[in-house]
Amino acid sequence: MNILKLKGKIVENGLNNMLFAEKIGLPIATFYRRLENDGVDFSIGEIQKIVEVLHLTNEEAIEIFLIKKSQ
């Protein structure tokens, strides 16, 4: 997962992590744990919600969730 790209899209959408976590239905602590674990623990439903909230294109979603980037 490309965490940096996800964080960038959150900012591009005018959100902070707390508001974003709320919009996707996760407690902020859970959201941070998922990020710390390279997003491995995001469920399919959570990923779908992230795509919705951030208005991601299919290409952006693939770049974020399927292409591993070193940080």
Side-chain angles (χ1 to χ4, degrees):
M1 181 169 171
N2 188 334
I3 300 294
L4 293 178
K5 187 159 185 79
L6 175 61
K7 288 179 178 180
K9 294 305 284 184
I10 291 168
V11 171
E12 281 180 26
N13 280 272
L15 301 169
N16 61 40
N17 286 339
M18 185 170 286
L19 185 56
F20 179 69
E22 182 180 305
K23 286 184 172 283
I24 63 170
L26 288 177
I28 188 67
T30 302
F31 177 67
Y32 280 126
R33 274 195 307 276
R34 301 258 164 80
L35 291 181
E36 289 171 4
N37 197 22
D38 290 331
V40 173
D41 295 330
F42 282 114
S43 70
I44 296 296
E46 291 164 349
I47 290 172
Q48 289 173 327
K49 192 70 174 167
I50 290 168
V51 169
E52 276 179 41
V53 169
L54 296 180
H55 312 288
L56 299 177
T57 64
N58 288 339
E59 183 177 303
E60 289 170 326
I62 289 168
E63 289 174 2
I64 290 171
F65 296 105
L66 297 179
I67 300 175
K68 180 143 175 92
K69 297 280 183 174
S70 59
Q71 299 183 20

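Hydrogens, waters and symmetry mates play no part in the numbers below; they use all other heavy atoms, side chains included.
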Open item on the list: So, taking the atom named CZ in Arg34 and the one named CD1 in Ile50, what distance separates them when rounded to the nearest 0.5 Å?
Closed with: 9.0 Å
TODO: Check whether any side-chain heavy atom of Lys49 lies under 4.5 Å from a side-chain heavy atom of Leu26, and answer yes or no.
DONE: no
- [ ] Compare every heavy atom of Leu19 with every heavy atom of Asn16, then report the nearest pair and how far apart it is.
- [x] OD1-N, 2.7 Å
Open item on the list: Lys5: which residues meet the salt bridge (charged side-chain N to carboxylate O under 4.0 Å, His left out) condition with it, sequence neighbours left out?
Closed with: Glu63
- [ ] Taking the side chain as every heavy atom from C-beta outward, state whether Val51 and Ile64 have any atom pair closer than 4.5 Å.
- [x] no
Task: Shortest non-hydrogen contact from Leu54 toward Ile10 - done: CD2-CA, 3.9 Å
TODO: With sequence neighbours left out, write down each residue that passes salt bridge (charged side-chain N to carboxylate O under 4.0 Å, His left out) with Glu59, or none if nothing qualifies.
DONE: none
Task: Atom pair CG/CZ of Leu35 and Phe42 - distance to nearest 0.5 Å - done: 5.0 Å
Open item on the list: Taking ring-ring contact (aromatic ring centres under 6.0 Å, His included) as the definition, give me every residue that meets it alongside Phe31, ordered by chain and number, with sequence neighbours left out.
Closed with: Phe20
- [ ] Nearest 0.5 Å please: distance from the CD1 atom of Ile47 over to the CD1 atom of Ile44.
- [x] 5.0 Å
Task: Atom pair CG/CD1 of Asn2 and Ile62 - distance to nearest 0.5 Å - done: 13.5 Å
Open item on the list: Please enumerate all residues that pass salt bridge (charged side-chain N to carboxylate O under 4.0 Å, His left out) together with Glu22, with sequence neighbours excluded.
Closed with: none
Open item on the list: Hydrophobic cluster membership, with links at side-chain heavy-atom distances under 4.5 Å among I/L/V/M/F/W/Y: are Met18 and Leu6 in one?
Closed with: yes
TODO: State yes or no: do Ile3 and Ile28 share one hydrophobic cluster built from I, L, V, M, F, W and Y residues joined by side-chain heavy-atom distances below 4.5 Å, directly or via other members?
DONE: yes
Open item on the list: Once side-chain contact (heavy atoms from CB on, under 4.5 Å) is applied, do any residues pair with Glu60, and if so which ones, sequence neighbours excluded?
Closed with: Lys9, Leu56, Thr57
Open item on the list: Under the ring pair (Phe, Tyr, Trp, His ring centres under 6.0 Å) definition, can you give me all pairs with a residue in residues 43-64, not counting sequence neighbours?
Closed with: none
